[in-house]
There are 2 protein chains.
Amino acid sequence: MTDRLTGAAGRQYVADAIRYALRSGDLVPGQRLVENDLAESYGATRGAVREALQDLAAEEILEIVPRRGARVRTVSVEEAIQITECRSALEQLCAQKAATRANEEQRAELRRIGADMRRAVTDGAWDAYSALNQRLHELVIEASGQEVARRHLDRLNGPMVRFQFRLALRPGRPAQSLPQHLAIIDAVVSGDAPAAARAAAAHLDDVIEQLRSSAVPSPTQAPPRA
Amino acid sequence: MTDRLTGAAGRQYVADAIRYALRSGDLVPGQRLVENDLAESYGATRGAVREALQDLAAEEILEIVPRRGARVRTVSVEEAIQITECRSALEQLCAQKAATRANEEQRAELRRIGADMRRAVTDGAWDAYSALNQRLHELVIEASGQEVARRHLDRLNGPMVRFQFRLALRPGRPAQSLPQHLAIIDAVVSGDAPAAARAAAAHLDDVIEQLRSSAVPSPTQAPPRA
DNA sequence: ATCAACGAGATTGTTGACAAGATGTTCGAT
DNA sequence: ATCGAACATCTTGTCAACAATCTCGTTGAT
């Protein structure tokens, strides 16, 4: 209590804590973040909090406006689509390279993930499916050896938490995405680079389609009454 | 001296100054940046300098190691290739979208750039060609309306200054890249999205080829201390 | 009731001094 | 001469107080 987190340690801790709070819905888009409050609740110094906020702003998760503090950035459907288009471009690259560069261990894990995904869908294990989905994307990127793409994909995903949440809840979504994921796995495992790129593109085109159809009339509607 | 640049203003100014110093070769990879010196020479406060350094580190132009300060990051040929692969992926996306979305004014400017490029090559006007090259890439991105891709492409280019310098100096390079640039222009102007993507890919594949053949044993060693 | 001006409180920005750690130098022992 | 320990200096990191600005409720005039 008496010694608050400071410097690099506190910075990392606070940034992670805010990222987590965002994922779990404790922070909502547009919400204001007050330095003193954060310092108090996370047991860090204001300096550490300030630096953490700067980091998150660089990741485009927050928006800092001078003299007015930090807010959780709102991502429009249009921007979410653009983000996903960029993800598509980079993941095509990764899938393609993974198809030629993945080692035996990685190919084996991919096969395992495919089998587990099938089972998760038939069992209705949505949480497990979601975790496998995440692992699949990670593994393809890792197998590609494309560090630069990995960093940029991480950055792209930062502001997307809200939409991932929304999409994952759509009924029938896993059943729809399963064949796409299996196609990516097949292509990478069999070393067919062009097919891997096409499969990744097809999958993300579908995500974009989902985003389009999730568009609500207006992100921030004028409320009926004040 | 009496009033030093501070806060957001100084931060921006110092960051720009360092970026410029890097482009013009005043700062070389591996070189150490001392906060007090920078504050002194740019007439900013140490606080402003610190924040500028953080920004540049976030852009992967500098590397900050705790308690040891900031250094100009060295980019290996391997990383330069990975960066260019990512550029390729994103510029394919932009070229493709530009082909369908560019307005008349933008298509007209593209045609003009194409004509000017031809002339610059026959005239041996290398500086002019380089400027046109940059404008071409900018314009394609702008016409695509892909703001997210634009931001990420900016970030990708940050650490590449050293290589751009090296490649542009290769004799016969403009003559080699001219037809590739013209192919991009033709495809975008005529609205052929797949061709635009292919042309962009071909151009950047060639840049990667150049990078591969430019590989030297060891890029640049840490310079003697200041 | 509406609006503008005002002001108290809240919040971010800035500063300068000091602490903590790294780097370089000197000097003695071998 | 070489190595290593003690020391001096340079550099970054931290902090607490203060300054500047914004927010929002209150007041008073129309």
Side-chain angles (χ1 to χ4, degrees), chain A residues 1-18 21 27-59 61-74 220 223 225-226, chain B residues 1-18 21 27-28 30-59 61-73 221-226:
Chain A
M1 304 244 198
T2 50
D3 29 347
R4 303 162 95 80
L5 289 172
T6 185
R11 179 181 187 159
Q12 186 70 31
Y13 178 78
V14 173
D16 285 347
I18 292 175
L27 292 175
V28 300
Q31 183 162 345
R32 192 161 161 211
L33 299 176
V34 175
E35 295 177 358
N36 266 326
D37 296 353
L38 296 171
E40 186 66 27
S41 53
Y42 296 132
T45 62
R46 190 154 81 96
V49 169
R50 269 181 91 82
E51 288 177 336
L53 294 179
Q54 293 292 332
D55 288 351
L56 295 170
E59 289 176 37
I61 290 172
L62 302 182
E63 182 185 27
I64 293 180
V65 15
R67 293 273 176 204
R68 285 202 208 170
R71 298 177 164 277
V72 178
R73 211 162 79 85
T74 51
T220 22
R225 36 173 284 255
Chain B
M1 302 247 204
T2 50
D3 33 351
R4 303 163 95 82
L5 288 172
T6 184
R11 180 180 186 160
Q12 186 71 30
Y13 178 78
V14 173
D16 285 347
I18 293 175
L27 292 175
V28 299
Q31 183 161 348
R32 193 164 160 209
L33 300 177
V34 175
E35 295 178 359
N36 267 325
D37 296 354
L38 296 171
E40 186 66 27
S41 53
Y42 295 133
T45 61
R46 190 153 80 95
V49 170
R50 271 181 88 83
E51 289 177 337
L53 294 179
Q54 293 291 331
D55 288 351
L56 295 170
E59 289 175 37
I61 291 172
L62 302 183
E63 182 184 28
I64 293 180
V65 15
R67 294 269 175 208
R68 283 201 212 172
R71 296 176 166 278
V72 178
R73 211 163 80 84
Q221 290 300 338
R225 62 181 205 82

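In what follows, chains are A, B, ... by sequence order, proteins preceding strands, each numbered from 1.
When heavy atoms are screened at a 4.0 angstrom cut-off, Leu33(B) is found touching the sugar-phosphate backbone but no base atom. Nucleic acid contact for Gly47(A): none, since no nucleic acid atom lies under 4.0 Å from a heavy atom of the residue. Contacts of Ile64(A) with the nucleic acid, taken as non-hydrogen atoms under 4.0 Å apart, are absent.
Contact between the side-chain N/O atoms of Thr6(B) and the OP1/OP2 oxygens of dG13(C) is not found at any separation under 4.0 Å. When the side-chain nitrogen and oxygen atoms of Thr45(A) are compared with OP1 and OP2 of dC15(D), one or more of them lie within a distance under 4.0 Å.
Contact of Arg46(B) with dG13(D) (side chain to base): a donor-acceptor pair of N or O atoms is detected under 3.5 Å.
One interatomic measurement links the two molecules: CD of Glu51(A) to P of dG13(C), which rounds to 14 Å at whole-angstrom precision. When rounded to the nearest whole Å, the span between CD of Glu35(A) and P of dA16(D) equals 15 Å. Whole-Å rounding puts the Asp37(B) CG to dT11(D) P distance at 6 Å. Separating the CZ atom of Arg50(B) from the C1' atom of dG13(C) is a distance of 16 Å, rounded to the nearest angstrom. If you take CG of Leu5(A) and C1' of dG13(D), they are 15 Å apart, rounded to a whole angstrom.
Here the shortest heavy-atom pairing between Arg11(B) and Asp55(B) reads NE-OD2, 2.8 Å. For Val49(B) against Ala44(B), the heavy-atom pair with the smallest separation is CG2-CB, 4.4 Å. Of all the heavy atoms in Ala15(B) and Ala52(B), the pair that sits closest is N-CB, 3.8 Å. Pro29(A) approaches Thr74(A) most closely through the heavy-atom pair CB-CG2, 3.4 Å. Heavy atoms only, all atoms of each residue included: Val14(B) and Tyr42(B) are closest at CG1-CD1, 4.1 Å. Here the closest non-hydrogen pair linking Val72(A) and Leu62(A) is CA-CD2, 3.8 Å.
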Open item on the list: Run Ile61(A) and Ile18(A) through side-chain contact (heavy atoms from CB on, under 4.5 Å) and show every step you take.
Closed with: CA-CA 10 Å; Ile61(A) 290 172; Ile18(A) 292 175; 5.7 Å; no
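Going from atom CG of Leu38(A) over to atom OG1 of Thr45(A) covers 12.0 Å, rounded to the nearest 0.5 Å. In this structure, CD in Glu63(B) is found 8.5 Å from CZ in Arg71(B), a value given to the nearest 0.5 Å.
Between the side chain of Gln12(A) and the backbone N or O of Ala9(A), no donor-acceptor pair lies under 3.5 Å.
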Protein-nucleic acid N or O pairs under 3.5 Å, nucleotides 5-9 of chain C:
none

Protein-nucleic acid N or O pairs under 3.5 Å, nucleotides 6-8 of chain D:
none

Close N/O contacts between protein and nucleotides 20-23 of chain D (under 3.5 Å):
{"residue": "dT23(D)", "atom": "OP1", "partner": "Arg68(A)", "partner atom": "NE", "Å": "3.3"}

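Between Arg46(B) and the options Glu35(B), Glu51(B), Glu40(B), a salt bridge (charged side-chain N to carboxylate O under 4.0 Å, His left out) holds for only Glu35(B).
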